[in-house]
Amino acid sequence: MRPPRLLLLGLLASATSLLAQPATAPTHWRNAPTPPMGWNSWDYFGTTLNEAQAREQADAMAAALKPAGYDVFTVDIQWYEPNAQGHDYKDGAPLELDAYSRLQPAVKKFPSAAQGAGFKPLADYVHSKGLRFGIHIMRGIARQAVRNNTAIFGTTARAADIADTRSTCSWNPDMYGVDLTKPGAQEYYDSLFALYAAWGVDFVKVDDIARPYDDVQRREIEAIRRAIDKTGRPIVLSLSPGDTPIERGEHVMRHANLWRISDDFWDRWEPLHGMFGRLDKWTRHRAAGAWPDADMLPFGLVEFGRPTRFTQDEQTTCMTLWCIARSPLIFGGDLTRLDAFTRQLLTNPEVLAVNQHSENNRQLSNRDDLIVWTADVPGSRDRYVALFNAQDNSFPYDFAKAAYRSPVIRGTETVEISVPLAGTRKLALVVTDGGDNMFWDHADWLEPVLTGPAGTLDLAAQTWNYARSGNGEVRPGLAISGKPLLIDGQPAPGFGAHAPSIIEFNVPAGYDTFRARARLSPTRPEGKGGSVEFLVLTDTASDARPTTATVRVALSELGIKGSATVRDLWKRADLGTVRDEVSVELPLHGAALYRVSPQP
C-alpha cells in the first residue's frame, strides 16, 4: 500500500441520524447488533467445498481471524450436490434429500453427515473453535422433491402441493418457489429451520430471494422469518443476491439482518467504484441489526488459488469503504495461505472499530469521484473520516464521441458494424454494460477488419496497443469463456471480452473503414443474463486523470470548530494538529481513514 501524504491544513460539520428505523426495533435485530464478520467458501471453493477442507479452513480462521472478531464460518452453495464442480451448476444433477423434502449434506463431500447426522458434526467442530456455523440455501423446495412428491414434515401436504413451478431461479436449476397460499407451505419452512436449529446452525444465507423481490419472494421472506423465530435460536438471516430493490428497504429491514445490495462482487475496479453509490443509496436503511451488505471481500487467493486482481491500493479502498459504511465483513479467500498484507488488511483493530462501533455513517461529499465519508465515534465528539480517490484511468476516452454505438443487446441478435475512419490513426473497440449491472456480459467481436485502398486487414491477427476486459482476458479467436469463437459452427476470427472492456489498435495508412459483427456470446452458460452495448471510437485522444489527487474535507463539515488532531487508522499513527481542513494526496483508487478529534 502506497502511504498517503497528509497535508496538515485543517477540517467542520454535524449531522443528524439518517437511519430509517421502525418505531420499535424488531426482535431479530438483536441477533446481529454489529455487522457480521466471518468467512464464506464461495470465492475460493465455489460449489466444491468438502468436510476436510472446511475443517482446515475453520482451524485457520480460529487462529488468524477470530482474535480480530471474525466468527461466522459459512458453507456456501451446493453442499447437497455430491458431484458439483467449479462455480457452475448442472441442470438435473442428483441432490441428497431426506424423506421430508429437505436437502441434506452430500455424504460424499461431508462424511460425518452419514446416517442422518446432517451438518451437526461439522457445526459442533466449528463451535469447538469458538466460531459460529453458517450455511447457504436456495429459497424454495427442490425440484427433485417435487418430481418424487415426497412428504412435508408436520403436515399431510406433499412437495408437489406447495411448489410454485412458475417461480424459478434464472441461474440455478435446483429449486421451485414455495406458494405460501397453499396448506403445508409454512410447515415446510418451519421444518426446514427446525432442522437447521437442531444441527446448530447460527447463520443462514438465503439465495434467489432478494432480487427481483417479487410477491412470491416477499412471502417466502416472511415465512422464513416466522420459521426462524419459531425455533427460538438466534439465527442470523442474510438475503441474496442483489441488488435488493431500494423500494423494499423497509420490508427487508423488518425481516432480515443483512441483504445484498449488488450482484456477486469480484475483484474488479468497476464494481468497487459502483459500490460507493450503492452504499450511499442504502444509508437511510442501515440500523444496528439490519445491514446493507456489499458482499464478500475477494482478497488473497480466490477461485481455487489465483491471486486477487485488486491492487493493494484497491484492497485498502475496498476495506475502508466496507468499514466506514458498516457493511458485513465476510472474507472469501483461502484462510490457510494468508499473506502478510491480507492479514494486516483484515485485522487492523483501529480500522475494524469503525465497522463495529461507529454511528451516523454517511457519504459527506462526492466531487468528481473524490469522495468523503464520515461517521460519529460513540460517546465522543470525534469523527471518523474516510477519504477516497475513486477517479480512474481504465477508460480514458470520451464515450460521448463514439463514432458508433449499438443498441442494448440482450438476446441472440448480431449487429453489423461499419464505421468510416477518415483521418483516424487509432481505433478503440469498447463494450459497456447494458444498464442492468448484471454479470455474464460476455461479448464477441467477430470478423473485425479494416478495409480501404490498401486492401483488407484482419484485426484479429494484429497486435493491439492495449486490451482490458472486465473479467478474464482478451484473446484472439476465443470467447471470454475460453471456448472458440464460432459462426455457423465454424471457427471465426475475432475477440471475446467481458464488459467493461476496451481494445485499442493503431490504424495504418491506406484503410478507411472498420467492419465487424458483434453479439452477446453464445458460450455463456444457459440461463445466464447479461446485456451490453458495443462502441467504436475513432477519436481516441486520451482524457487521462492525474495519477494522484488531493482529497479534502473542512472541519466545519464535520461539526468541528477550531483545530483538531488527526490519527491515521491504517498506519496506527498520530499525524498532528490541523486547522480548517484535512487533505491528503491519494493515488488513483486509493483511500485514507482517519480519526479526527476536536481540540479543547
Could you measure the distance from the CZ atom of R139 to the CG atom of D207? Nearest 0.5 Å is fine. 10.0 Å
To the nearest 0.5 angstrom, please state how far the CZ atom of R248 sits from the CG atom of D214. 8.0 Å
Other residues, nucleotides, ligands: >12 heavy atoms within 6.0 Å of R306 CZ: yes
When you compare the side chains of N172 and D208, does any donor N or O come within less than 3.5 Å of an acceptor on the partner? no
Scan side-chain atoms only and decide if D369 and H273 contain a donor-acceptor pair under the 3.5 Å cut-off. yes
Candidate pair Q462 and L457, rule side-chain contact (heavy atoms from CB on, under 4.5 Å), full reasoning: CA-CA 8 Å; Q462 308 307 306; L457 184 68; 3.4 Å; yes
Quick one, I409 with V415, criterion side-chain contact (heavy atoms from CB on, under 4.5 Å). Give me CA distance, side-chain angles, the key distance, then yes/no. CA-CA 9 Å; I409 307 299; V415 291; 3.6 Å; yes
Show me, pair by pair, the donor-acceptor contacts under 3.5 angstrom made by side chains of residues 333-341, not counting sequence neighbours?
residue	atom	partner	partner atom	Å
D334	OD1	Q57	NE2	2.8
D334	OD1	T336	N	2.9
D334	OD1	T336	OG1	2.7
D334	OD2	T336	OG1	3.2
D334	OD2	R337	NE	2.8
D334	OD2	R337	NH2	3.3
R337	NH2	Y44	OH	2.7
D339	OD1	T342	OG1	2.6
D339	OD2	F341	N	3.1
D339	OD2	T342	N	3.0
D339	OD2	T342	OG1	3.2

Closer than 4.0 angstrom, basic N to acidic O: yes or no for R309 and E270? no
Reported CZ-to-CG distance for the pair F495 and L478, which is rounded to 0.5 angstrom: 11.0 Å
Going by heavy atoms in the side chains, are L279 and I261 under 4.5 Å from each other? yes
Determine whether F388 and N366 make a side-chain contact, defined as any pair of heavy atoms from C-beta on separated by less than 4.5 Å. no
Strictly under 6.0 Å, is that where the ring centroids of F331 and Y70 end up? no
Salt bridge D444-R517, side-chain N to carboxylate O under 4.0 Å: no
With distance as the sole test, does K426 use its side chain to make a donor-acceptor pair with the main-chain N or O of N465 at under 3.5 Å? no
Give a yes-or-no answer on whether the side chains of T311 and W269 include a donor-acceptor pair shorter than 3.5 Å. no
With side chain to side chain contact (heavy atoms under 4.5 Å, CB included) as the test, pick out the partner of D441 among V532, I480, V431. V532
Answer with yes or no after comparing the ring centroid distance for H87 and F304 against a 6.0 Å cut-off, counting only values under it. yes
Do we see a donor-acceptor contact under 3.5 Å between the side chains of R260 and S240? yes
Once you measure the plane-to-plane angle for W42 and Y89, does it fall in the parallel (<30°), tilted (30-60°) or perpendicular (>60°) bin? parallel
Verify the distance criterion only: is there a donor paired with an acceptor across the side chains of N389 and E585 at less than 3.5 Å? no
Are side-chain N/O atoms of Q315 and D267 paired as donor and acceptor at under 3.5 Å? no
Is it true that D293 and R278 have a side-chain N and a carboxylate O under 4.0 angstrom from each other? no
Taking the side chain as every heavy atom from C-beta outward, state whether V372 and V551 have any atom pair closer than 4.5 Å. yes
Quick check on E473: does its CD atom have over 12 non-hydrogen neighbours (other residues, nucleotides or ligands) under 6.0 Å away? no
More than 12 heavy atoms of other groups within 6.0 Å of E413 CD: yes
What I'd like to find out is whether the side chain of D174 reaches to under 4.5 Å of the side chain of Q78, using heavy atoms alone. yes
Name the atoms and distances for all side-chain donor-acceptor pairs under 3.5 Å in residues 294-301, with sequence neighbours left out.
residue	atom	partner	partner atom	Å
D295	OD2	F265	N	2.7

Taking the six-membered ring for Trp, is the centroid-to-centroid distance between W445 and F534 below 6.0 Å? yes
Output yes when K205 and D76 qualify as a salt bridge under the 4.0 Å nitrogen-oxygen rule, no when they do not. yes
